[in-house]
Amino acid sequence: MSQEYRGRIAPSPTGFLHLGHAMTFCAAQERACAAGGKLVLRIEDIDYARCRGEFRSAIIDDLHWFGVRWDEGPDIGGPYAPYVQSERRAFYLQALHQLREAGFAYPCTCSRKDVLSAAGAPHDENEEPIYPGICRNSRRDDHATSQPNWRFHVPDGEQLEFEDVRLGTQEAIAGRDFGDFIIWRRDDVPSYQLAVVVDDAAMRVTEVVRGEDLGLSTFRQLLLYRALELAPPRFFHTPLLRDATGQRLAKRNAALTLRALRAAGKIPADLRAAALAAIH
Ligand code: GLU
């Protein structure tokens with residue numbers, strides 16, 4: 001029997017949704033629909049310093065306006081609730097424990113800057129520098145007085161590969177293209193990488209549709225799946241929206257939030273058609 005298709009959309013309530021998100025979510029919806037499967041909405045709000053309640057309700061509102069529908073989510077429930085990351089801490093702690101026990105994680109006291117960005121997904125512009133491995137051999141006791149960050153020890157030099165549904169074979173080398181990454185911050189917040197893997201696995205997601213700028217993160221996540229002995233989903237990375245000069249349309253472009261487009265009288269069906277045309 002073939003597995004039921006389960007997709008997900010996973011916005012972070014750090015601002016209003018913009019056209020780039022909407023395009024990716026449209027693709028996710030279309031793929032779930034075409035496969036006769038289900039789409040899950042998960043709110044990724046573990047980065048408490050950057051997330052706000054008002055954005056969470058705006059996301060749901062804007063997605064409804066845009067015409068994106070889901071089968072499970074915080075507003076309608078479902079078999080894998082809760083669908084809000086801030087309510088799923090026990091799952092992440094369990095995974096951290098498992099990684100520590102199995103020797104995949106080590107405590108680290110370095111690099112404030114990397115640490116601060118760890119709970120947000122590293123979209124292109126905020127990819128972290130490769131961690132030089134200073135704390136690799138440290139043990140928990142070495143840091144007994146202060147809370148460490150926990151890093152995942154990547155297998156240096158290993159050639160990693162996955163088959164992207166849209167882009168074909170993708171390759172990276174651990175330790176060269178990315179280094180030991182944070183899985184738990186010293187201020188007691190799980191990282192994006194850990195939370196997203198734990199949730200996609202727990203919610204039985206079979207295909208992840210998201211922006212191409214998270215391509216490198218997919219390799220990190222595949223290492224986590226392997227270490228946690230979980231089966232990874234398939235990945236479909238969507239192209240990033242660019243303006244006429246080839247510049248990426250970033251979140252800060254206020255005119256392209258769904259709010260602004262709605263206020264300007266744009267028709268969702270037209271925007272959706274344009275979004276899907278950009279992907280095919
Ligand atoms: N919450 C993440 C973001 O908004 C989702 C990334 C993903 O789809 O894995 O960037």
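In listed order, ligands and their atoms are each counted from 1.
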Pairwise side-chain contact, R88 with M203, heavy-atom cut-off 4.5 Å (strictly under):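 Side chain of R88 against side chain of M203, heavy atoms only: contact under 4.5 Å found.
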Atoms in ligand 1 with a heavy atom of V196 nearer than 4.0 Å: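 Heavy-atom distances to V196 below 4.0 Å select 9 (O).
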For Y192, atoms of ligand 1 separated by under 4.0 Å from a heavy atom: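 Every atom of ligand 1 under 4.0 Å from some heavy atom of Y192: 6 (C), 7 (C), 9 (O).
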Hey, is [X] touching ligand 1 through its side chain, its backbone, both or neither, going by heavy atoms under 4.0 Å?
X    : result
L214 : side chain
R8   : side chain
H123 : side chain

Check against side chain to side chain donor-acceptor pair (under 3.5 Å), T238 and E212: CA-CA 5 Å; T238 58; E212 216 166 68; over 6 Å; no
Main-chain N/O of R69 paired with Q29 side-chain donor or acceptor, under 3.5 Å: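 Yes: the side chain of Q29 pairs with the backbone of R69.
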Partner set under ring-ring contact (aromatic ring centres under 6.0 Å, His included) for Y192, not counting sequence neighbours: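 By the ring-ring contact (aromatic ring centres under 6.0 Å, His included) rule, Y192 matches no residue at all.
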Pairs flagged by ring-ring contact (aromatic ring centres under 6.0 Å, His included) wherever residues 44-69 is involved - sequence neighbours left out: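 Listed by first then second residue: F16-F55, H64-W70.
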SB check R259 D61 (cutoff 4.0 Å):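 Yes, this pair counts.
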Closest to atom 1 (N) of ligand 1 (judged by heavy-atom distance), picking from Q193, R210, E44, H237: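 Checking each option, the heavy atom nearest atom 1 (N) of ligand 1 is found in E44.
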Sub-3.5 Å N/O-N/O distance, A121 and ligand 1: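 It does not: no N or O of A121 is found under 3.5 Å from an N or O of ligand 1.
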